[in-house]
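Scroll down for the structure; my scribbles are underneath it.
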Amino acid sequence: MPDDKRSQDSATRDQSLQGQQDQEQQAERTDFLREIVQQDLASGRVKSVVTRFPPEPNGYLHIGHAKSICLNFGIAKQFGGRCNLRMDDTNPTKEDVEYVDSITTDVKWLIDGWADDLLTLKPAGATPGVSKTSAGEDDFYLPGLLPADTAGQAVEPFYASDYFEPLYNYALELIRKGKAFVCDHTAEEVDAMRGSTDTPGTESHYRGRSVEENLDLFERMRAGEFPDGARTLRAKIDMSAPNIWLRDPIMYRIRHASHHHTGDTWCIYPMYDFAHGLSDYVEGITHSICTLEFEVHRPLYDWFLDALDLARVHPIQREFARLNVSYTIMSKRRLLRLVQEGKVRGWDDPRMPTISGMRRRGYPAEAIRAFCDRIGVAKRENTVELGLLEYFVRDDLNKRAPRAMAVLRPLKVVIDNYPDGQTEEFEAVNNPEDPSAGTRKVPFSKVVYIEQDDFREVPPPKYHRLSPGVEVRLRAAYLITCTGVVKNPATGEVVEVHATYDPATRGGDAPDGRKVKSTIHWVSAAHALSTEVRLYDVLFTVESPDNVPEGGDFMDTLNPESIEVLADCKLEPSLAAAAPGARYQFERLGYFCADPEDSKPGAPVFNRTVTLKDTWAKIEKKGAS
RNA sequence: UGCCCCGUGGUGUAACGGCAGCACGACUGACUCUGGAUCAGUUAGUCUAGGUUCAAAUCCUGGCGGGGCAGCCA
């Protein structure tokens, strides 16, 4: 479903164009993860590919998640597989349905028209089916449904919490095998006994409990007989392992807390390391792709899978380096702080690096995908320049955004020799990059607004725009020459410019072939739509707000000028019909998007998505320095 | 300083023992009814020291540098 109200044929054109690009890119793009998948397929270790995107519903998805989504869906797409959306919700105290909903929306939006056909969900309310293995053990399996197979039935994302019962079962099995035990040590004791990086830990006093006692205690843990923190279930591995995570890690903790998805059914909750790999297994995941910090957990991921006698092929975990983008932060905790402390208007504030924020700001999903494709994937720490993301936004919007004229900081121009009360209409091209976008009518009259930046009483070197005695073109209208200015006597500020037009230049071309150095945009004062436009800049003033120096706080680097609200901009009247979410290029300024929340019928409010490249600003800056 | 991972132009990423390439950026110029777009060009890189080899970004060893790991978080 297109996210805005573009015409049907325009949306179709975008899709076929995108499809071609995807094919081209995928034919050549490869990375170490795709090579692993390729080899697994070639060797027959797996016969098809199933990946998963497993966010914890404790915050909104951001551009870093977009990288992961594009990777997981991209791999599935490239190798004819599928990708499950799973809420990794094993901690009841941190998660919330608000996040489940936003995550689902954001994933669908990001992959729409690209990989939405392989987004695997499951029937609403479905839990894993059980079958007996040849060894007589329970095998839990919950395959998902592709959109093509749902046939109108209600579906929902997968939830790790839907596997609490199977997981409990697997835990029991581990206890029976003597590979897990109930431990009564306090959190502090466990912590102290874990040892340190260079000294081995100490075994739990309860490590030698009998299978029967462990079974009994674990069942009573589930039954709610013990308070929070009283006991844990631990894997029995090796307290002197050099890898800390192998030192009898905790599998279950007691939490008498309501869970957003399972309610009060449980008071024991599985830990990530125990739950994740087995959740992957239950869903039939073949390749479990995560970020680098989980690399040291990989032996544990494999240990749980190997410790059980599982019937089907094991998933494998592989890790890649998370995305960092300059001038922004990726930590969900910190993003939450921005929201809670009111530094932004919400998770979807257009300044946020969240998917919902970028969507609201006007970033097309295609641009975000192209960005993720271009940055590649590897294992080294990386910080991608924000400019690259913006490049893809401009690149995409340039091809599809209809042009319009808008004056952000109006300066009145009176064309003295133009007849009072006369109005005429000019035909303006909607998109010079796309002839099929057609033209529109723009009204013109004696008084027009131009951008304050487009007039200088004393033009600096190389300034080609309007100034006294200079002739410029009003885009698609007439050539005009500045004849004088009116100033505010108190401040000396130019409040009005006077000009004359050449009637022979109707449409913008001079019959005598004379050239002008500059074309500027304008809006007829009598016809202008006055509305609010919001300009955005980076949220932080430093390249790496995540790495603030000792004693500092990332909040100290917030950009006080990250938003500028212009209350009375003058737009060409056709923009009154802008649908919420519709994207335009305001000529010579940038790309703008009608805010989906604040726009009213006939009264859109615009967000600046990204500026156009500004060569003049560069020249001016160079001249100043 | 225990274990694990990683070092290629300013940034990101290729090259899988055989010509160090691509994209963004930066800089020139052309073109232009958007100082946009487009087009042409320039700039700039294998952390380091040894070793193996006809040949090393790639394999081996050491050094240096960066990152991760000691939640009953994920």
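Proteins get letters first, then strands, A, B, ... in listed order; numbering begins at 1 in each. Side chains included, hydrogens not; waters and symmetry mates left out as well; all remaining heavy atoms used. Keep in mind it's a predicted model, so treat the numbers as computed, not measured.
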With a 4.0 Å heavy-atom cut-off, tell me which residues in residues 244-252 of chain A come close to RNA chain B, sorted by residue number.
A:I244, A:W245, A:I250
Show every salt bridge (charged side-chain N to carboxylate O under 4.0 Å, His left out) that has at least one partner inside residues 224-247 of chain A, sequence neighbours left out.
A:D184-A:R231, A:R220-A:E225
What residue pairs, at least two apart or across chains, pass salt bridge (charged side-chain N to carboxylate O under 4.0 Å, His left out) with a residue in residues 86-95 of chain A?
A:R86-A:D280, A:R86-A:E283
Going by the ring pair (Phe, Tyr, Trp, His ring centres under 6.0 Å) test, which pairs reach into residues 182-205 of chain A, not counting sequence neighbours?
A:H185-A:H205, A:H185-A:Y206
I'd like a list of close polar pairs between nucleotides 37-42 of chain B and the protein, N/O only, cut-off under 3.5 Å.
unit_1: B:A37; atom_1: O2'; unit_2: A:N398; atom_2: ND2; d: 3.1
unit_1: B:A37; atom_1: O2'; unit_2: A:E433; atom_2: OE1; d: 3.2
unit_1: B:A37; atom_1: O2'; unit_2: A:E433; atom_2: OE2; d: 3.1

Look for any protein N or O under 3.5 Å of an N or O in nucleotides 66-68 of chain B and output each such pair with its distance, or none.
unit_1: B:G67; atom_1: O2'; unit_2: A:E381; atom_2: OE2; d: 3.0

All side chain to side chain contact (heavy atoms under 4.5 Å, CB included) counterparts of A:D191, not counting sequence neighbours:
A:R194
Only stems of 3 or more consecutive Watson-Crick or G-U pairs count here, both distances under 3.5 Å; name the ones for RNA chain B, or none.
B:2-7 with B:64-69, B:10-13 with B:21-24, B:26-30 with B:38-42, B:47-51 with B:59-63
For A:R374, give me all partners under side-chain hydrogen bond (donor to acceptor under 3.5 Å, both in side chains), at least two apart in sequence or on another chain.
none
Would you list the pairs meeting salt bridge (charged side-chain N to carboxylate O under 4.0 Å, His left out) in which at least one residue belongs to residues 504-514 of chain A, sequence neighbours left out?
A:E424-A:R506, A:E471-A:R514, A:D502-A:R514, A:D512-A:R514
Who are the side-chain hydrogen bond (donor to acceptor under 3.5 Å, both in side chains) partners of A:R334, not counting sequence neighbours?
A:D546
By side-chain hydrogen bond (donor to acceptor under 3.5 Å, both in side chains), A:D273 pairs with (sequence neighbours left out) A:H297
